[in-house]
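These notes concern the structure reproduced below.
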Amino acid sequence: MSRTTLSRYLIEAQRDNHINADLRFLIEVVARACKAISISIGKGALSGVLGEAGSDNVQGEAQKKLDVISNEILLEANEWGGHLAAMASEEMDHPHPIPHRYPKGEYLLMFDPLDGSSNIDINVSVGTIFSVLRCPEGMEPTEQAFLQPGTQQLAAGYALYGPNTLLVLTIGQGVHCFTLDREVGSFVLTQENLRIPEDTKEFAINMSNQRFWEAPVQRYVGELLQGKEGVRGKDFNMRWVASMVADVHRILTRGGLFMYPLDSKTAEKGGKLRLLYEANPMSLIVEQAGGAATTGRQRILDLQPTQLHQRVPVVLGSKNEVERVTAYHLES
Ligand SMILES: O=P(O)(O)OC[C@H]1O[C@](O)(COP(=O)(O)O)[C@@H](O)[C@@H]1O
Ligand SMILES: [Mg+2]
Ligand SMILES: [Mg+2]
C-alpha cells in the first residue's frame, strides 16, 4: 500500500477545491524550507549553528544563530515563487516585501522561524510555526494587511524538530501529521484527523511564574495541585518543555492544557506569546482538532489584531479545561 505524501495530500485537496494551486505550492515550499531547517538543526555544533547570533530582535530578545538561519531559509525559499504578496516573521521588525524582480501572489505568510529558542543549545525539541492569510483585495501588503482575525487563516501548521521531524498541518479540513522520511526526503502522512480529548489529567504552565499570575489562574492551578483531595477529585500531572510546538504537539497527541496566561510580569506587553505567528496558528490547529483556545477571557481566533508583534495570553487544549479556566476568569 503506497503511502500518502504531503504532495499527494495537497493535490487531492486541490482536486476537492479546498485549496488552489498557489496555496498548494506555498505549503509545499514552506515544508521544503522546514526540511532544510531540520537538516541545519541536526548538524548542531558540527557546523557551528549553536549559540547566540549577537543581535536582538524587535521583541528585544537575544537572537540565537538558528533563529536567524531559519528566518533566512524561509525567506529565500518563499521569495521567488510568485505565490506571496509579503511575509512577516518574529525575527523581522516589519513585513518583508517580495523583491521587484519576482512575481507577486495573493497570500501573506507569517512565521515563527524557530520556536523554543531557549532549548536549541540543550538539544531539546524546537519547531517552526506558520500561518497563511489572503492579502485583502486592492490593499498593499503593508503591516495593515496582516492585521486580520485568526478566523481568516487559510492554512496553519508547525514543524517539530525532535527525534523525528514532523509537519502538522490544517487547511480547514481537520489536522494531519506528516513524518519526514529522511531517506526519501519527503513528508509522509502518518496520522490523519488528530482529535484532542475534551477531558485531560495533564497541564502545562511555567510554574516559576506562579506569584505573578492573576487570581483565576492561581485558583485553577491550585485546584489541579490539590488533585483528588481537592474539588477536582482527580490527580493531574504536569509537563513544561518550554517549546510551545512540543507542548502543543503533546496535547494534539494525548490531550492536555497549555497555558501562558497574563501575569504581572508581562501585563504591560499584553502577554508572552505572539498573536499572529504563535497564538493564531496554534489556535486554528487546536480548534480543528476539537479543542479550544482563549486568552482566558476571549476566543483567540476572534481577536482583531492591532500590531504585527502583538502578544496575548494563551489558554488552549482540551475543551472542558479551557472552558473551566475561562469561566474562572469571567466569574472574577
Ligand atoms: O521561557 P518560558 O517562560 O518557559 O517560555 C517558554 C515559551 O517561550 C517560547 O520559547 C517563545 O517562543 P520563541 O522561542 O519563538 O521566542 C515558547 O515556545 C515557549 O512556550
Ligand atoms: Mg515562539
Ligand atoms: Mg521564535
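First listed ligand is number 1; within each ligand, the first listed atom is number 1.
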Identity and separation of the nearest protein heavy atom to [atom]:
atom: atom 20 (O) of ligand 1; value: Met244 N, 3.3 Å
atom: atom 15 (O) of ligand 1; value: Asp112 OD2, 2.9 Å
atom: atom 2 (P) of ligand 1; value: Asn206 ND2, 3.6 Å
atom: atom 11 (C) of ligand 1; value: Arg274 NH2, 3.6 Å
atom: atom 8 (O) of ligand 1; value: Lys272 CE, 3.2 Å

Best match, Tyr277, Trp240, Tyr260: closest heavy atom to atom 3 (O) of ligand 1: Tyr260

From Ala242, Ser208, Ala204 - option closest to atom 19 (C) of ligand 1 by heavy atom: Ala242

Distance, nearest 0.5 Å, that separates CE of Met244 from CG of Leu160: 13.0 Å

Sequence-distant partners of Thr294, side-chain contact (heavy atoms from CB on, under 4.5 Å), two or more places apart: Val315, Val322, Thr326

Would you say that [X] contacts [Y] through its side chain, given a criterion of any heavy-atom pair below 4.5 Å between the two side chains?
X: Ile41; Y: Val126; result: yes
X: Gln59; Y: Lys269; result: no
X: Ile205; Y: Leu257; result: no

Heavy atom of [X] under 4.0 Å from ligand 1?
X: Ser118; value: no
X: Asp67; value: no
X: Glu278; value: yes

Residue pair Glu321, Thr200: steps toward the side-chain hydrogen bond (donor to acceptor under 3.5 Å, both in side chains) verdict: CA-CA 8 Å; Glu321 291 304 314; Thr200 182; over 6 Å; no

Residue and atom names of protein N/O/S atoms that fall under 2.8 Å from the Mg ion (ligand 2): Asp112 OD2, Asp115 OD1, Glu278 OE2

Sub-3.5 Å N/O-N/O distance, Leu114 and ligand 1: yes

Near-ring test His83/Phe25, centroid separation under 6.0 angstrom: yes

Co-members of Val58 in a cluster of I, L, V, M, F, W and Y side chains, linked at under 4.5 Å: none

Co-members of Leu284 in a cluster of I, L, V, M, F, W and Y side chains, linked at under 4.5 Å: Leu301

Evaluation steps, ring-ring contact (aromatic ring centres under 6.0 Å, His included), between Phe258 and Trp240: CA-CA 9 Å; Phe258 171 91; Trp240 186 249; 5.4 Å; yes

Those atoms of ligand 1 less than 4.0 Å from some heavy atom in Ser243: 18 (O)

